[in-house]
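Residue numbers count from 1 along this sequence. Every number for a ligand or one of its atoms is a count from 1 in the order of the listing. What you see below is based on every heavy atom in this structure, not just the backbone, and it leaves out hydrogens, waters and symmetry mates.
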Amino acid sequence: MEVIKQVSTIRERVQALRCSGKSIGFVPTMGALHEGHLQLLHASAKENDVTICSIFVNPTQFNNPDDYKLYPRTLDEDTALLKTVSCDILFAPSPEEVYPPQQPLLQFSFGALEDVMEGEHRPGHFNGVATIVSKLFHLVQPHRAYFGQKDLQQVAIVRQLVHTLSFDLDLVCFPTVREQDGLAMSSRNTRLNLEQRQAAPSLYKALKIAEAQLRQKSVPEIKKEVAAFLGNVDGVALEYFEIADPGTLQPVEDITKVEEVALCIAAVVGPVRLIDNILVNLNEG
Ligand code: AMP
């Protein structure tokens, strides 16, 4: 596996790959790699000649400075791990390489898509995501880019970005990879102590409780149940639970009028904020 840190080098490398007709799969990450990331890489390796993984803790998408400072950074371990899986190139630039000084930050607007959930609770977050994803897409020029459903709203934003800026690539949304107890894998899970780790699967449990009630109860009743359930779990503070349209991510008021919903949750567990979601097809089951 090649490790590239410079923007100029990744450009040259990608240019050569494209000239020789190779298809490029791309998995952008912030590192502290886990099985969720590895499965994205595996999916890319199956569908492309070359797989490029990026590791970059992107400062512009953190609305909370502590979250940025304390975000786990394990580049040596990640590099060793990537050598054992199907990754051909690791692109791991420094912040200065990606954001030269004095460069003004672009402003994106995604309308209603960013007014809800993560967009509402993390001001500026999706502007930072759109900035870094655009930069990386220009540098890596992938034929396919792999993102996780765990960050459902991010996928919707990136889909909109690809469409609006005419990026010539296919976006692949990969299902959420979970621990055995249901907790969605996340780099932030490493910051949980034992007690917090035991409380964390309650987010997924809350989603499953909501799913079981979708056909019997109204939206406000289900929201109340979820809040009551998590209210009884020590150390977990619910930030939001939403029943949303999976495409537009706007709140669904009347479940009988839609075929599929996304159940989305965010909660603070000890020192970290976790998110999760599940998609439910209302015509099944
Ligand atoms: P991150 O390093 O957290 O920015 O994640 C990099 C990519 O991996 C994003 O597209 C995430 O949605 C995806 N990802 C993170 N956790 C999981 C997971 N548990 N299952 C599937 N994909 C994931």
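Taking the six-membered ring where the residue is Trp, the centroids of Phe137 and Phe167 are separated by under 6.0 Å.
Protein residues having at least one heavy atom under 4.0 Å from any atom of ligand 1 are Pro28, Thr29, Met30, His34, Gly36, His37, Leu40, Tyr71, Phe147, Gly148, Lys150, Asp151, Gln154, Pro175, Thr176, Val177, Met185, listed by chain and number.
Under the side-chain hydrogen bond (donor to acceptor under 3.5 Å, both in side chains) criterion, Thr164 pairs with Gln160, sequence neighbours left out. Applying the side-chain hydrogen bond (donor to acceptor under 3.5 Å, both in side chains) criterion to Asp78, with sequence neighbours excluded, gives Thr74.
With Gln153 contributing its side chain and Val116 its backbone, the two residues share a donor-acceptor pair below 3.5 Å. At distances below 3.5 Å, at least one donor-acceptor pair connects side-chain atoms of Ser187 with backbone N or O atoms of Ala32.
Note on residues 160-189: pairs passing salt bridge (charged side-chain N to carboxylate O under 4.0 Å, His left out), not counting sequence neighbours, are Asp67-Arg188, Arg178-Asp276, Asp181-Arg197.
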